[in-house]
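Notes follow once the structure below has been shown.
These numbers were taken from a predicted model, which means no experiment stands behind them. A, B, ... follow the sequence lines: proteins, then strands. Residue 1 opens every chain.
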Amino acid sequence: MTSMGYGAAQSLTAQLEQDLASTIDVAPSVSRRAVLGGLSILGGAALTGVGGAQSGDGGGGGHDHPDHGNFGAVGEYDSDEFDPHEFLTEFNTGDNGDGGDADPNEGVYQENGRTVREFTLTAVDTEIEVLPGVTFPVWTYNGQVPGPTLRVEEGDLVRVNFVNGAEEHAHTIHPHLKNLDPDMDGTPTNGPGVLNPGESFTYEWQAEPMGTHLYHCHTMPLKAHVHRGLYGALIVDPKPERVRENPRDYVNYHGPMTDELVSELVDRARSRNMISHPDYAPEGFTGVNEMVMVMNGFDTNFDGDNEVYAVNTRGFCYGVGSTDGRGNWAAGETKRPIQVDKNELQRVHLVNMIEFDAINSFHTHSQFFDYYDAGTTLLPTRSNIDTVMQCQAQRGVFEMDYSDHDPGLYMFHAHQSEFAELGWMSFFEVV
Amino acid sequence: MSDEPESDGGVVTHEESPTGPFGLPTVVAGVVPIVMLAVLVGVFLVTTPLAGLQSDGEPLPDVSIDYTTVPEEGTLVVHVTNNGAAPVTIDQLQIDDAYWNYEMSSPGDDRTLQPRESGTIRVPYHWSPGFDHHVTVMTAGGATFGETIVATQQTPGFDFDVVLTLAVVGLFVGVIPVALGMLWFPFLESMSDRWLHAVLAFSAGILAFLAVDAGFEAFELGRAVPSAYMGELLVVLGIVGAMLLLQAAMDWQSGGGEPSGLSLAYAAALGIGLHNLAEGLAIGSAFALGRASLGAFLIVGFMIHNVTEGPVVVAPLARSERPALWHFGAIGLLAGAPAILGGWIGNLFFSPLLGALFLAIGVGALLQVVFDIGGMIRKRGELLSTTNSLGFLVGLVVMYATDFFITL
């Protein structure tokens, strides 16, 4: 092919530009605008106001305008039925029960040489405030969305007494675990099938493999049962002894398994398991702040598209109460940033339960993290990323270190702009 | 037959008495059904016999966004009405699928609207000129109601400049064309009956076209009226009501006989005037909504369109005694000047309700005049002659053709 002279290239470019311009020209929005402002021919200067809006701030000059408008939901949350700030760090291991109605913990005990962790989950219909002033009728486990976070150790038997206390609908609990007994899968076709209102059943699950998992209702129509709030996180912590015995089961790594590496993996396992065993605190992994974040959304007008997006149910709940958009902000009563200690490692268990959208994502500002897909490995599956994408039911663990950051607000949100602006937008306040 | 007793099957009809049944005065007979109805309604309300049919469902919220204005850079104003049966609270607001802060003013000074109450929402939002912006309000139950602001433009305020501009526009699209058209009067007077009737039929065609055109517009606007007011039925009421009122007025004026040429000319001027008022409303409200897209060629279109209205208002006078000159002035102003008035009203108080009502009244007036012109031709000659039919058709076609110039 012969090379093209500058002149020819220039005329070709001009031609392409012309073509592009003429295609755009037929777009209704443009032709519609093309006739604007012609009236000034009659009224003289009288009408300059009409076309005036078109002049000036095309290059962003308008951002000097004092009333740029505050983005976000107005007002504070009224209802204290569900507190996303408490939920963030509330892990139920079976033995920390306070005996309250909504408390799922029933006890931890030995049976046939293995540890049993027993919980009670009750399906309850209720309403939850998903934006200040805006409530949504939800179907829940224990009256909260997401349901209680269950936290067990690898190898345990998880015994869940499920009571369907709902008024109308049948429900189940389907765990994302490696279960050997099909009857315990919580689907309409297996075991007890769906449980009608008033019925109950005790599920027994193997706590395998280690990782950050989830449970949800598996009654048809699935979309309704999941979207309405019947889901929660289920975290299986690694057993350090097992890691020492079979280290290869816990890594995505094919190189030589040195003693040093095994020791490192055991330390990492201990670190992951400090909620159940505070005494595990291994050297170099002390001071870990663990949080659970469930990405979800609510289709408040039932058109098959979410109006509210959130992490842990309430839109903008980890945002600021008010801001002038210039760094002057105030925390609200119910809308406030997540305060984190810069000297602690931040470990987040992230679960995507979004319905009606194919994917969701998590993005941290001014920060990169190590990501463990499904939490099933002790070495990161992706290192040094600031955005991770998850489809529904996908989950993972990520760890962040803010020790060298200046104190202040650091945003995190879904990197679907639409989701962010509809509620899935939050801040860490590093102190 | 004639000597049979005056009877219709046993009912005695000739026994007049000052009292009604049971010896009560007749006035009581008139009141009794009303009293019984009141008792029935009372019993119905007290005993609630339909309680068994009522479901647990609360009435659904129904909020309409009546219109939106763009008063200044960085501000959108949304006018909302609660059409539902229960109070409704505007809890959140989205612009282009993003939650946004706002201030709301309502009769109750909060974000709650009682049934049929309206409120105004001010949103500090940096809108982009020429872009579409979608506004969604959300109620406590999460129901959403939305409206798109098309090709957003700043709304000019109602100041002297705008008053003047709208007056100038009204003059150009209303008064001047009608006055020009009226200059054909001497020519009309010189015509033969056959051709004058054709011209009258042509006028009727123009009026009929305007009636249909404005009718469609009225129904379209009627759909935008908050549903509690049943906009479309209101339009029907307006059309029929205006037609009957005008008919009654003409009959009263002519003492039941054939309407005089002068009264028909005034009626036609009134119909056209109401039509021009609605046209002015459209122009004024387009200004108020920041949607004025009136290029110079649109003004020219309006002028050509409206010049045909001139002969319409004077044609009925061609065979009667030529009235005083001031009648011509009055007829012209009645037909043309409402365009100016409409512009001001439309700019100041625009609402779909008002717009639909004015349009409907105009349609009724136009239809009435069409029938009167038909009656006038029939009295003096043959209504459906070749020239008359063609004249009517030409009237329709001319209006259709000149309508191309006008796209508000």
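- Here B:Q92 is the residue among B:Q92, B:Q94, B:M138, B:R111 with the most heavy-atom pairs under 4.5 Å with chain A.
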- Message: A:H413 vs A:H365, test: side chain to side chain donor-acceptor pair (under 3.5 Å). Steps then yes/no.
- Response: CA-CA 9 Å; A:H413 58 85; A:H365 279 225; 2.9 Å; yes
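- When each of A:S417, A:P132, A:G75 is scored by its heavy-atom pairs under 4.5 Å with chain B, the top score falls to A:P132.
- If you tally non-hydrogen atom pairs under 4.5 Å between each of A:A420, A:A73, A:G72 and chain B, the highest count goes to A:G72.
- For the ring pair (Phe, Tyr, Trp, His ring centres under 6.0 Å) with B:Y125, the lone residue among B:W100, B:F131, B:Y99 that qualifies is B:W100.
- In this structure, chain B has no heavy atom under 4.5 Å from any part of A:F302.
- A:D357 and A:Y309 are linked by a side-chain donor-acceptor pair at a separation below 3.5 angstrom, with hydrogens and angles left out of the test.
- A side-chain donor-acceptor contact under 3.5 Å links B:T112 and B:T89.
- Interface residue B:T139: only backbone heavy atoms are found under 4.5 Å from chain A.
- With hydrogens and angles disregarded, no donor-acceptor distance shorter than 3.5 Å links the side chain of A:Y77 to the backbone of A:D83.
- In this structure, no portion of A:V130 lies under 4.5 Å from any heavy atom of chain B.
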